[in-house]
Amino acid sequence: RGMAKKDLIYSDQQSMFGAREIIGFGSDEFSVKEIDRNRANAIIIKNHYSGKITNHTYIHLGVYLKTEMLGVLQIGYAMNPASGGGIVNETKSDEFCELNRMWLDDKLPRNSESMAISYSVRYIRSKYPKLRFLMSFADERCGGYGIVYQAANFQYYGEHTNIFWELDGQYFHNVIITNGSDQSKQARILRARKDEARKIELRQFRYIYWLNQRYKKECKLKEQPYLKHYAENPNGFEKTEAGGAILNFSSTELPNENER
């Protein structure tokens with residue numbers, strides 16, 4: 001049966017408890033739906049600017065325009081699992097989540113980024129009632145200061161500055177250098193070629209969507225008015241706006257247009 005209105009999407013099969021499982025949210029025209037982890041990882045590796053996945057994602061959603069999948073969102077544990085307690089006291093690592101990766105095809109219509117995020121929030125709130133909030137970051141490089149989050153009704157909680165290193169067109173968080181236990185290929189390359197890398201300080205802007213409004217009252221951070229102005233050329237990067245996801249969903253990596 002066709003879906004004329006936006007609503008939760010359920011599995012065709014009943015679970016062992018008799019109810020059908022929630023697998024997405026949307027309509028026949030536009031929706032987000034669960035996809036297999038391996039399929040999501042393959043799409044991110046192929047299309048995401050970083051060419052790599054993160055191991056702490058556990059929610060994998062395909063973005064569908066009618067029946068064609070044209071994007072992927074990956075949501076999971078925060079890069080810093082202990083950071084939840086700094087936002088709401090006694091928040092455990094499995095009681096909040098972070099938008100880890102997103103890629104959307106250029107064929108999707110304008111405003112698809114905020115729509116995909118909003119639909120994902122509706123799905124998460126129903127499927128994972130334990131979660132208190134969804135957190136993400138926009139960064140100065142994009143110039144937009146998180147306008148896509150604003151359109152998806154996230155609240156803004158201020159900014160901080162992080163150090164990044166640019167090498168061969170890729171961007172790496174300073175933690176790769178400072179964390180001696182990181183023995184990944186990227187970490188070894190960056191340490192060996194640090195003298196060739198360019199050090200950049202970028203402002204990052206924290207956005208939170210409260211999945212449970214009760215915890216907003218307990219937030220230790222002060223909500224602030226949305227930033228409305230675009231940076232003309234932050235840190236030498238060209239301004240980017242329409243036609244892509246102009247934001248960074250992780251506090252540790254930087255995106256290109258249409259990527260997170």
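No hydrogens, no waters, no symmetry mates; every other heavy atom, side chains included, goes into these values. Position 1 is the first residue of the sequence, and the numbers go up from there.
- For K92, there are no salt bridge (Lys or Arg N to Asp or Glu O under 4.0 Å) partners two or more places apart in sequence or in a different chain.
- Scanning for side chain to side chain contact (heavy atoms under 4.5 Å, CB included) contacts around D36 gives N38, R39, with sequence neighbours left out.
- Separating the CD atom in E34 from the CD1 atom in I23 is a distance of 6.5 Å, to the nearest 0.5 Å.
- With sequence neighbours left out, Q155 forms a side chain to side chain donor-acceptor pair (under 3.5 Å) with no residue at all.
- R193 meets the side chain to side chain donor-acceptor pair (under 3.5 Å) test with D168, E196; sequence neighbours excluded.
- In this structure, R203 forms a cation-pi arrangement with Y145, its terminal cationic atom sitting closer than 6.0 Å to the ring centre and no more than 45° off the ring axis.
- Looking at residues two or more places apart in sequence or on another chain, you find a side chain to side chain contact (heavy atoms under 4.5 Å, CB included) between K194 and W165, I177.
- Residues in residues 68-96 take part in these ring pair (Phe, Tyr, Trp, His ring centres under 6.0 Å) pairs, two or more places apart or across chains: Y58-Y77, F96-F133.
- The six-membered or imidazole ring of F205 lies away from that of Y149, with a centre-to-centre distance of 6.0 Å or more.
- Heavy-atom minimum distance, R37 versus T57: NH2-O, 2.9 Å.
- Judged as a side chain to side chain donor-acceptor pair (under 3.5 Å), the pairs with a partner in residues 82-91 (not counting sequence neighbours) are, in order, N89-K220, T91-R132.
- Applying the salt bridge (Lys or Arg N to Asp or Glu O under 4.0 Å) rule to pairs touching residues 60-79 yields E68-K107, sequence neighbours excluded.
- In this structure, the separation between CD1 on I75 and OG on S120 is 5.0 Å, given to the nearest 0.5 Å.
- At least one donor-acceptor pair closer than 3.5 Å links the side chain of Q150 to the backbone N or O of L227.
- Side-chain contact between H56 and E98 is absent, with no heavy-atom pair separated by less than 4.5 Å.
- Ring pair Y207/Y226 is tilted by interplanar angle, where 30° to 60° counts as tilted.
- The shortest non-hydrogen separation linking L221 to G86 is CD2-O, 4.2 Å.
- Contacts of I53 classified as side chain to side chain contact (heavy atoms under 4.5 Å, CB included), with partners at least two apart in sequence or in another chain: N41, I44, I45.
- Take D195 and apply the salt bridge (Lys or Arg N to Asp or Glu O under 4.0 Å) test, not counting sequence neighbours, and it matches no residue.
- Residues meeting the side chain to side chain contact (heavy atoms under 4.5 Å, CB included) test with K130, sequence neighbours left out: D94, E95.
- When the side chain to side chain donor-acceptor pair (under 3.5 Å) test is applied to Y156, no partner is found at least two apart in sequence or on another chain.
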